Amino acid sequence: MSDRECAGAVLTIDLDAIAANYRLLRDRTAPAECAAVVKANAYGLGAEKVVPALATQGCRTFFVAHVDEGIVVRRALAEAGNGIAPESEPAVYVLNGPPRNAENVMAEHRLTPVLNSLADVDAWSAFARRTSVARTAALHVDTGMSRLGLPPAELAILSEDAARLVGVRLTHVMSHLACADEPVHPLNRRQLDVFAAARGAFAKTAGCLANSSGVFLGPRYHADMVRPGAALYGVAPVPGEPNPMTQVVRLQGKILQVREIDSSETVGYGATHLAGGRETIATVAVGYADGYLRALSNRGSGYIGEIRVPLVGRVSMDLITFDVSAVPRSQARPGDMIDVIGPFNPIDMIAAEAGTIGYEILTSLGARYHRVYRGGGR
Ligand SMILES: Cc1ncc(COP(=O)(O)O)c(C=O)c1O
């Protein structure tokens, strides 16, 4: 991470906004518990900062994808303290399951696996028996995603042979929705029904189904615990509807040079932008090496104040070029900042311009930005 003066861009991450988003989701889903998905370094925003901010809001369950990410979360929780009593230590679940021979590492860091297959169940139960310690786990059943989780045939075997879970204390039966961001998609209802049937085999075990968009499908989808990720970070949970979440990220790119070009002149690699008349071009120190997707070439947009400045030419490794002709020259000089992501061009808008989703924009945010964290969620 660079210093502010040396950096080509400043990435501001608003921890108070993440805290506000957590409260909104929590209040919407109560009495279900609201967990937080903080995998991929809290969707690129920095698990060390985000996890304590969420813990301060009362979040007591975190989900990561990998064991290494879980260790980072555990360390962040320990360093922050947050006045959490040892007996209510937060749970950290590893969604991708327990890697073979990593059982001891998981136990050492008090990480709870999500068991995604009968093989995972057998391995975790064997570990519990070998160490004579009861081990907690969540059981993931596949209800229509065909990605992770016990497929129906494996679930049937497990339901008829409870001995396979000896030594394992299931905290939750969980599943994952494939189409929650399309509220009218028939798979939502089908998955809900398959999930209800699957839970029948584990009647006293809590259920966990909804991601961010699932929260907005209504209380039937909330079960005992919800697992939002993207909405915490400001991504719209229901595409096409007004976004109830507060924006978390602002990316301000520094103008390095400004030049006037005429109608016969072109901008950037491949000469893909031909000036339509006299244009003022500002070159900004952000590029695809920073995760600013090349797909935004001739499609993206920045803002100076409230004025839209279209991205012209191709995105290159370290640079992008904006047509700032509409902006008074006094506001577009070398050293001035352009909102590459900001209040008027939020994550979801950039994603739409790039033909992708906000998740990819967030998790691509580069390492060269100067990062500033605002607030602490207290
Ligand atoms: C299994 C699982 N649960 C929950 C989430 C959180 O989803 P979202 O970010 O859409 O809230 C994810 C994210 O991909 C996931 O893979």
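Atoms within each ligand, like the ligands themselves, are counted from 1 in listed order. As the structure is a prediction and not an experimental result, all values here were calculated from the model.
Ligand 1 has a nitrogen or oxygen under 3.5 angstrom from a nitrogen or oxygen of N211. Taking any N or O of V37, backbone or side chain, none lies under 3.5 Å from an N or O belonging to ligand 1. By the 3.5 Å distance cut-off applied to N or O atoms, G229 is counted among the residues near ligand 1.
Between D224 and R199 there is a salt bridge, since at least one side-chain N of the basic residue sits less than 4.0 Å from a carboxylate O of the acidic one.
A search for side chain to side chain contact (heavy atoms under 4.5 Å, CB included) contacts involving D181 returns S213, P239, not counting sequence neighbours.
The protein heavy-atom contact nearest to atom 11 (O) of ligand 1 is S212 OG, 2.5 Å. Counting protein heavy atoms only, atom 14 (O) of ligand 1 is closest to K39 NZ, 2.8 Å. Taking atom 3 (N) of ligand 1 as the reference point, the nearest protein heavy-atom neighbour is R227 NE, 2.9 Å.
For D27, the CG atom counts as densely surrounded, since its 6.0 Å shell holds more than 12 non-hydrogen atoms of other residues, nucleotides or ligands.
If you look at H176 next to ligand 1, the close heavy atoms, those under 4.0 Å, all belong to the side chain. Counting heavy atoms closer than 4.0 Å to ligand 1, residue Y359 contributes side-chain atoms (C-beta onward) but none from N, CA, C or O. For R147, every heavy-atom contact with ligand 1 shorter than 4.0 Å involves the side chain, none the backbone.
Taking all atoms of both residues into account, the shortest heavy-atom contact from A230 to Y43 is N-CE2, 3.5 Å.
Through side-chain heavy atoms spaced under 4.5 Å, either directly or across other Ile, Leu, Val, Met, Phe, Trp or Tyr residues, I281 is tied to I261, V267, V312.
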